Amino acid sequence: MTPVIVTRFAPSPNGPLHLGHALSAVTAHDLARGGGRFVLRIEDIDGVRSRPELAATIRADLAWLGLRWDEVAPQSARLSRYAEAAERLRAEGLLYACRCTRAEIAAAARASGPDGPVYPGTCRGRPVVPGEPAAWRLDVAAALRRTGSLSWHDERAGEQVARPELAGDPVLVRNDPATPASYHLAATLDDAADGVTLVTRGRDLFAATHLHRLLQALLDLPVPRWHHHPLLVDETGRKLAKRRGSPSLAQRRTAGEDGAALADALRQGALPAGIALSDALHGAP
Ligand code: GLU
């Protein structure tokens, strides 16, 4: 029996959805067609940037595209699960407290990784000062010693050896009581909790998957497959985003555009003028 495919669309309600989000949602939706399940998860963990009112707009946009989904709990309802997982990693000696600022990291970094300057491990081994506000980073080398070599499968790029060390030691617990977990920890735990079997998202998150695979091994989570789809880019090759002038889905919707026709156009690769698909492998080793 073929296992049921469970995919997801996991937008952060930090700004309006645009065409790139539509491509992501339609891709995930269609991969679950034929008896699968398409899950919507609102990733509203960022207490500062999240705008709760946008969740309703996101739903209206998806319905306008002609999609149907099963909605699961938003991240803001799951904070205690993230804290428990972090506590487990901390108790296993795999997290260390870090007080470095972004500027300090940029100044001290000796390498650039898929997501910018690679944290050089400044605080690794530094004694913990009780009560001191700090972020908590995963000691990737120690974690990999624990798990051994790992691999994961992308449906488009094939079998991958997990290389989480390329991006340095990531923050898993932010130094921010309003947003205790990082995206990486929260999304990895949620995909497992939501029964996701095929993580569908853009190629800009390809490198993050190396870390997510490591977290799955450390936390005994099931291992899904991944589908990193191409990104929509503008004439300059940059990822589409609202701030670069691409109209939001809500603007298209309220202007009377036909959402189902737009979804079909995306399926067929018929893109508006000036927009192209890019299969550049962001963050690939
Ligand atoms: N919440 C993330 C975003 O909106 C997507 C995360 C994911 O698909 O894993 O960019």
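Counting starts at 1 for both ligands and their atoms, in listed order. Values reported hereafter were calculated over all heavy atoms of this structure, with side chains retained and with hydrogens, waters and symmetry mates removed. What you see is a predicted model, and the numbers here were worked out from it, not measured in a lab.
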message = Which residue in the set Thr188, Leu144, Leu89 passes side chain to side chain contact (heavy atoms under 4.5 Å, CB included) when paired with Leu218?
response =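 Among the candidates, only Leu89 passes.
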message = Taking side chain to side chain contact (heavy atoms under 4.5 Å, CB included) as the criterion, tell me which of Thr57, Leu65, Ile58, Leu62 meets it with Leu249.
response =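 Filter result, single survivor: Leu65.
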Is [X] near ligand 1, meaning one of its heavy atoms is under 4.0 Å from it?
{"X": "Phe9", "answer": "no"}
{"X": "His21", "answer": "no"}
{"X": "Ala10", "answer": "yes"}

task = May I ask you to identify the nearest protein heavy atom to atom 8 (O) of ligand 1, giving residue, atom name and distance to one decimal place in Å?
result =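 Residue, atom and distance for the closest contact: Arg8 NH1, 2.8 Å.
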ask   = Which protein non-hydrogen atom lies closest to atom 9 (O) of ligand 1, naming both residue and atom, and how far is it?
value =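 Checking every protein heavy atom, the shortest distance to atom 9 (O) of ligand 1 gives Tyr183 OH, 2.6 Å.
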inquiry  = Using a 4.0 Å cutoff against the non-hydrogen atoms of Glu43, which atoms of ligand 1 qualify?
reply    =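 What qualifies from ligand 1 is 1 (N), 2 (C), 5 (C), 6 (C).
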key: Phe9 six-ring centre to Arg41 NZ/CZ under 6.0 Å and within 45° of normal   =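 The answer is no, since Arg41 fails at least one limit relative to Phe9.
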request  = Answer yes or no for Arg225 and Trp152: cation-pi contact, defined as NZ/CZ to six-membered ring centre under 6.0 Å and angle to ring axis within 45°.
outcome  =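 So Arg225 doesn't make the cation-pi contact.
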query = Do any nitrogen or oxygen atoms of Arg201 come within less than 3.5 Å of a nitrogen or oxygen of ligand 1?
reply =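 N/O-N/O distance below 3.5 Å exists for this pair.
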ask   = Is it the side chain, the backbone, both or neither of Leu205 that has a heavy atom closer than 4.0 Å to ligand 1?
value =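 Under 4.0 Å from ligand 1, Leu205 contributes side-chain atoms alone.
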query = Any idea which part of Ser12 is under 4.0 Å from ligand 1, heavy-atom wise: side chain, backbone, both or neither?
reply =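 The answer is both.
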query = Does a sphere of radius 6.0 Å around CZ in Arg78 hold more than 12 heavy atoms from other residues, nucleotides or ligands, not counting ones at 6.0 Å or beyond?
reply =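 Yes, because the 6.0 Å sphere around CZ of Arg78 holds more than 12 heavy atoms from other groups.
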request  = Please step through side-chain hydrogen bond (donor to acceptor under 3.5 Å, both in side chains) for the pair Gln160 and Asp154, ending with a clear verdict.
outcome  = CA-CA 7 Å; Gln160 308 290 317; Asp154 180 87; 6.0 Å; no
task = Could you tell me whether His212 and Tyr183 have their ring centroids closer than 6.0 angstrom?
result =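 So the answer is yes for these two rings.
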